[in-house]
Amino acid sequence: MASKAGGKAADRRAASPGSARREPEGHIRMYSGEGCLLTLCSFRGPILRHNAQVLIALGEPPLVLGAGRSTGAGGLAAVRPFTELRFDGNGGPFACIDILPTHPAWRVFQQIAGDGVMWLPPERYGAWIRRLRE
């Protein structure tokens, strides 16, 4: 009898709309020996990468990033390699540019101080961000 009740609970969880995990849709473009560009509709979760990253909000909601004891929000951020990151795309689309350790710019990202996240002024990179949105 107990297994029957447990089975009903499992059936209810499987049938509930929030229980079905849907993978985010996105695109990835690889650049041989340099890195990749990943675009997703949205994502929320922890990230720990050996690559350096540039994270770009492609819509209105800002990205929310947490590293160490700090949390911030914005449209454009550079992330030091091996930074344990709490990431929330706020339900909006974003792009992630991964820079591989073999790329010459990777060493520059190792210099990012503090908890490993450096917010950049999106207005300075406006033309570049517009191209990513296309």
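The first residue of the sequence shown is numbered 1, and numbering continues consecutively from there. As the structure is a prediction and not an experimental result, all values here were calculated from the model.
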Given His50, Arg49, His103, the one that forms side-chain hydrogen bond (donor to acceptor under 3.5 Å, both in side chains) with Asp98: Arg49
Nearest-0.5 Å distance that lies between atom CD1 in Ile97 and atom CD1 in Ile56: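 Answer rounded to 0.5 Å: 4.0 Å.
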Point-to-point distance, once rounded to the nearest 0.5 Å, from CZ of Phe94 to CG of Leu63: 7.5 Å
Side chain to side chain contact (heavy atoms under 4.5 Å, CB included) between Val79 and Leu55, intermediate numbers included: CA-CA 8 Å; Val79 181; Leu55 299 168; 3.9 Å; yes
Partner set under side-chain contact (heavy atoms from CB on, under 4.5 Å) for Glu84, not counting sequence neighbours: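 Scan of Glu84 (side-chain contact (heavy atoms from CB on, under 4.5 Å), adjacent residues dropped) gives Leu48.
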Cluster overlap Leu58 with Val64, hydrophobic side-chain contacts below 4.5 Å: no
In one Ile/Leu/Val/Met/Phe/Trp/Tyr side-chain cluster, 4.5 Å: Leu120, Val108: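 No, no single cluster joins them.
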Minimum heavy-atom separation for [X] to [Y], with atom names?
X      : Y      : value
Arg69  : Asp115 : N-OD2, 3.6 Å
Ala67  : Leu85  : CB-CD1, 4.3 Å
Gln110 : Arg80  : O-CD, 3.6 Å
Pro122 : Leu76  : CA-CD2, 4.1 Å
Ala77  : Leu65  : CB-CD1, 3.6 Å

Side chain to side chain contact (heavy atoms under 4.5 Å, CB included) between Thr83 and Gln53, worked out: CA-CA 10 Å; Thr83 297; Gln53 298 174 324; over 6 Å; no
Heavy atoms from other residues, nucleotides or ligands near CD of Glu60 exceed 12 (cutoff 6.0 Å):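 Open: at most 12 neighbouring heavy atoms sit under 6.0 Å from CD of Glu60.
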Polar side-chain atom of Asn90 near backbone of Pro62 as donor-acceptor pair, under 3.5 Å: yes
Short side-chain to backbone donor-acceptor contact, Arg107 and Pro101, under 3.5 Å: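 No, because the side chain of Arg107 does not come within donor-acceptor range (under 3.5 Å) of the backbone of Pro101.
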Side chain to side chain contact (heavy atoms under 4.5 Å, CB included) between Phe109 and Ile99, worked out: CA-CA 9 Å; Phe109 284 82; Ile99 296 115; 3.7 Å; yes
